Amino acid sequence: GQSECEYRRAFYACMFQGGCYYTPLACRSSAGEEIDCAVLCQAEPLLATCIDEQNLPPPEDYHLCPHILKSSVTTPAPTLADFLAAPSFPYTITIWTTFRGGLLS
């Protein structure tokens with residue numbers, strides 16, 4: 001059995017490879033309405049959570065929707081040069097405390 005993400009990814013990959021992914025009104029929504037597959041994929045609640053760990057060549061390197069490549073949604077780690085070029089912001093932290101004096105009984 002596949003996970004829900006794997007199932008959805010396979011479905012959209014099949015539509016993409018079959019040439020139907022960009023065809024207007026080639027898919028049906030859960031309400032039965034005809035809709036573009038790319039639009040349907042972008043409306044998937046799983047879009048933000050499906051992570052495909054495979055490292056495939058660029059046309060196939062996406063998490064869920066074939067038209068949204070991993071490279072367009074991932075940010076590379078900053079380099080040392082990026083870190084050194086970033087501006088620094090000085091800041092001060094002030095803490096107020098109150099002490100109440102008294103005798104212990």
Side-chain angles (χ1 to χ4, degrees):
Q2 293 181 322
S3 70
E4 188 66 21
C5 286
E6 291 169 331
Y7 170 77
R8 298 285 184 177
R9 188 177 193 282
F11 170 76
Y12 290 114
C14 182
M15 296 301 286
F16 183 73
Q17 291 165 358
C20 301
Y21 190 75
Y22 291 110
T23 303
L25 309 178
C27 286
R28 288 196 184 272
S29 70
S30 58
E33 302 166 322
E34 292 180 340
I35 188 170
D36 297 0
C37 296
V39 172
L40 182 65
C41 189
Q42 283 182 251
E44 285 280 355
L46 295 171
L47 179 63
T49 58
C50 286
I51 302 296
D52 181 62
E53 299 294 339
Q54 298 180 63
N55 291 318
L56 300 171
E60 299 156 6
D61 200 29
Y62 56 90
H63 292 299
L64 183 63
C65 301
H67 70 289
I68 305 175
L69 299 178
K70 289 179 189 174
S71 61
S72 67
V73 294
T74 56
T75 304
T79 64
L80 178 59
D82 294 333
F83 178 74
L84 294 175
S88 62
F89 297 102
Y91 61 90
T92 303
I93 297 176
T94 305
I95 301 173
W96 287 274
T97 58
T98 302
F99 296 99
R100 293 184 183 190
L103 297 174
L104 296 175
S105 313

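Below, all heavy atoms of this structure are taken into account, side chains as well, without hydrogens, waters or symmetry copies. The model shown is predicted, which means the values in this text are computed figures rather than measured ones.
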field: Nearest-0.5 Å distance that lies between atom CD in Glu60 and atom CD in Gln54
entry: 9.5 Å
- request: Report, as yes or no, whether the 6.0 Å neighbourhood of atom OH on Tyr22 holds more than 12 heavy atoms from other residues, nucleotides or ligands.
  value: yes
- prompt: Judged by atom type as modelled, is there a donor-acceptor pair below 3.5 Å linking the side chain of Lys70 to the main-chain atoms of Asn55?
  reply: no
task: Taking all heavy atoms of Leu25 and all of Asp36, pick out the closest pair and write down the distance.
output: N-OD1, 2.8 Å
- request: Mind listing the closest non-hydrogen atom pair of Gln2 and Tyr7 along with its distance?
  value: OE1-CA, 3.5 Å
message: Could you check whether the SG atoms of Cys65 and Cys41 sit less than 2.5 Å apart, since that is the cutoff I want to apply?
response: yes
query: Quick check: does any side chain N or O of Arg9 sit under 3.5 Å from a backbone N or O of Tyr62, one acting as donor and the other as acceptor?
result: yes
query: Considering all heavy atoms of both residues, which atom of Cys20 and which atom of Ala26 are nearest to each other, and what is their separation?
result: O-CB, 3.4 Å
Value rounded to 0.5 Å, distance of OG1 in Thr49 from CG in Leu64: 8.5 Å
- request: Please name the pair of heavy atoms, one in Ile35 and one in Arg28, separated by the smallest distance, quoted to 0.1 Å.
  value: CG2-C, 4.1 Å
field: Nearest heavy-atom neighbours spanning His63 and Cys50
entry: CB-O, 3.3 Å
message: So, taking the atom named CD in Glu6 and the one named CZ in Arg8, what distance separates them when rounded to the nearest 0.5 Å?
response: 13.5 Å
query: For the residue pair Ser72 and Leu69, what are the closest heavy atoms and their distance?
result: OG-O, 2.7 Å
Partners passing ring-ring contact (aromatic ring centres under 6.0 Å, His included) against Phe16 (at least two apart in sequence or in another chain): Tyr21
Partner of Tyr12 by side-chain hydrogen bond (donor to acceptor under 3.5 Å, both in side chains), out of Glu44, His67, Gln17: Glu44
